[in-house]
Amino acid sequence: VQEWFQRLREDFPLYCRTNIRIKTKAGNLVPFELNKMQIHLWNIVKKHIELGIPLKAFLIKLRQGGATTFFTVLIYWLCTLWPYRNALGIAHDEDAAKGVGSKWQNYYMQSNSNLRPKVRIMNRKEIYFATPLDEFEKTGDIGLDCHLDTFTIDKKEIGRSYTYQYGLLTEYARYNEVLPADTIDDRLIGIYNAIPDITGVFTLIVKESTAAGDNHAKKDWEDKQSGFINIFISWLASEEYRTEILPSEYFELSELEDSRYGDELVERRK
């Protein structure tokens with residue numbers, strides 16, 4: 001049992017297939033198998049985990065591609081297989097924040113019973129993985145002591161309650177719908193201060209969004225000194241918008257690395 005538990009700690013895609021169930025667009029509940037885009041994101045995350053360095057990423061994504069699902073599952077994995085971890089989920093409005101909290105609740109309720117940690121508090125705004133108070137008073141064992149908290153960006157006290165290791169800022173480009181740009185910057189300072197940047201420790205801050213025109217998010221995307229890596233994933237990353245063709249029927253691919261798109265034969269195989 002311990003060896004299997006350790007494998008789930010080391011192999012996130014295996015954990016997803018084993019313990020996470022998601023609803024498909026067709027309305028079915030199925031094991032969570034990473035798609036092509038999610039595998040790409042996992043490879044980036046995995047590299048930072050192995051190196052023990054913080055990951056700060058700004059992701060511009062395709063809609064309904066599975067990016068939010070990927071990061072909510074990743075955070076759930078980190079906060080249910082390791083103790084003393086806290087995570088923030090931040091959205092632009094109440095409905096979106098409840099959506100993040102509901103995802104975490106659903107992962108718990110639909111997971112393998114042997115992999116469900118003990119819970120003291122569970123609702124759409126807060127999940128506290130810890131032993132119930134009556135059990136704690138008898139045994140002194142607090143359990144995982146991990147928090148999953150969700151907020152809207154207009155909440156002034158974001159990040160003031162705990163130190164967090166992981167933060168997901170979903171639909172980041174829509175924050176200007178509820179706050180002026182300078183106020184968003186003030187909120188971000190508080191969030192960044194709540195998630196320490198410690199050498200040798202993997203922490204995570206992800207700003208993810210669909211594109212939304214010329215606003216604060218565009219400014220952040222173009223800021224070369226932000227400390228965030230930019231990740232762009234287009235509709236072409238979705239298998240639903242791809243079809244296999246014979247290139248010779250349409251055009252000739254270049255093998256030259258210095259051509260406009262690089263070595264297209266190599267890119268096609270990715």
Side-chain angles (χ1 to χ4, degrees), residues 41 44-45 47-49 51-60 67-68 70-72 74-80 82-94 96-98 100-101 103-104 121 124-130 142 144-209 215-231:
L41 294 175
I44 295 172
V45 171
K47 178 180 178 181
H48 285 74
I49 291 176
L51 294 175
I53 57 176
L55 172 58
K56 297 179 180 178
F58 187 177
L59 168 66
I60 297 296
T68 303
F70 171 81
F71 283 112
T72 52
L74 177 75
I75 288 171
Y76 182 84
W77 173 65
L78 291 165
C79 290
T80 57
W82 286 267
Y84 315 124
R85 310 292 177 93
N86 297 322
L88 276 169
I90 302 170
H92 65 291
D93 64 18
E94 194 67 32
K98 287 180 179 179
V100 173
K103 282 179 180 291
W104 282 329
I121 301 171
R124 289 179 177 178
K125 292 186 177 181
E126 177 186 9
I127 299 176
Y128 182 30
F129 293 119
I142 196 171
L144 282 179
D145 194 16
C146 293
H147 289 262
L148 293 174
D149 298 328
T150 56
F151 299 98
T152 54
I153 190 61
D154 59 351
K155 182 176 175 59
K156 293 182 179 180
E157 301 301 315
I158 294 177
R160 301 297 176 88
S161 300
Y162 308 102
T163 296
Y164 293 90
Q165 286 73 42
Y166 318 114
L168 172 62
L169 287 70
T170 186
E171 286 302 338
Y172 176 71
R174 298 187 64 183
Y175 288 3
N176 66 318
E177 295 178 8
V178 293
L179 288 177
D182 57 343
T183 307
I184 295 172
D185 290 339
D186 289 340
R187 296 286 193 280
L188 293 178
I189 291 172
I191 294 166
Y192 297 163
N193 287 338
I195 302 175
D197 191 339
I198 303 174
T199 301
V201 177
F202 172 74
T203 56
L204 174 72
I205 303 175
V206 175
K207 299 185 288 191
E208 57 97 340
S209 185
N215 57 19
H216 70 284
K218 181 175 182 290
K219 180 193 73 174
D220 285 0
W221 179 267
E222 296 174 345
D223 182 2
K224 304 299 183 183
Q225 308 301 319
S226 68
F228 282 70
I229 63 171
N230 288 349
I231 304 171

### Message
Show the nearest heavy-atom pair for residues Ile90 and Thr152, with the distance to one decimal.
### Response
CG2-C, 4.3 Å
### Message
Do Leu55 and Ile229 make a side-chain contact, defined as non-hydrogen atoms from C-beta onward lying under 4.5 Å apart?
### Response
yes
### Task
Identify the two heavy atoms, one from Trp104 and one from Leu88, that lie closest to each other, and give their separation to 0.1 Å.
CH2-C, 4.3 Å
### Message
Is it true that Tyr172 and Asp220 share a donor-acceptor pair across their side chains at a distance under 3.5 Å?
### Response
yes
#### Entry: Salt-bridge criterion met for Asp185 and Lys219 (N-O under 4.0 Å)
yes
### Query
Looking only at heavy atoms, which two atoms of Ala217 and Phe58 are closest? And how far apart?
O-CE1, 3.3 Å
### Residues forming a side chain to side chain donor-acceptor pair (under 3.5 Å) with Thr203, sequence neighbours excluded
none
### Task
Considering non-hydrogen atoms only, spot the tightest contact between Val100 and Gly89 and give its length.
CG1-CA, 4.4 Å
### Query
In Å, rounded to the nearest 0.5 Å, how long is the span from CG of Leu59 to CH2 of Trp221?
7.5 Å
### Query
Where do Ala87 and Cys79 come nearest, in terms of heavy atoms and distance?
CB-SG, 4.0 Å
### Glu171 versus Ser209, closest heavy-atom pair with distance
OE1-OG, 3.4 Å
### Query
Between His147 and Tyr164, is the ring centre distance below 6.0 Å?
no
### Task
If the plane angle is over 60° it's perpendicular, under 30° parallel, otherwise tilted; pick one for Tyr192 and Phe228.
tilted
#### Entry: Set of residues satisfying side chain to side chain donor-acceptor pair (under 3.5 Å) with respect to Thr170, sequence neighbours excluded
Glu208
#### Entry: Sub-6.0 Å ring centroid separation between Phe71 and Tyr166
no
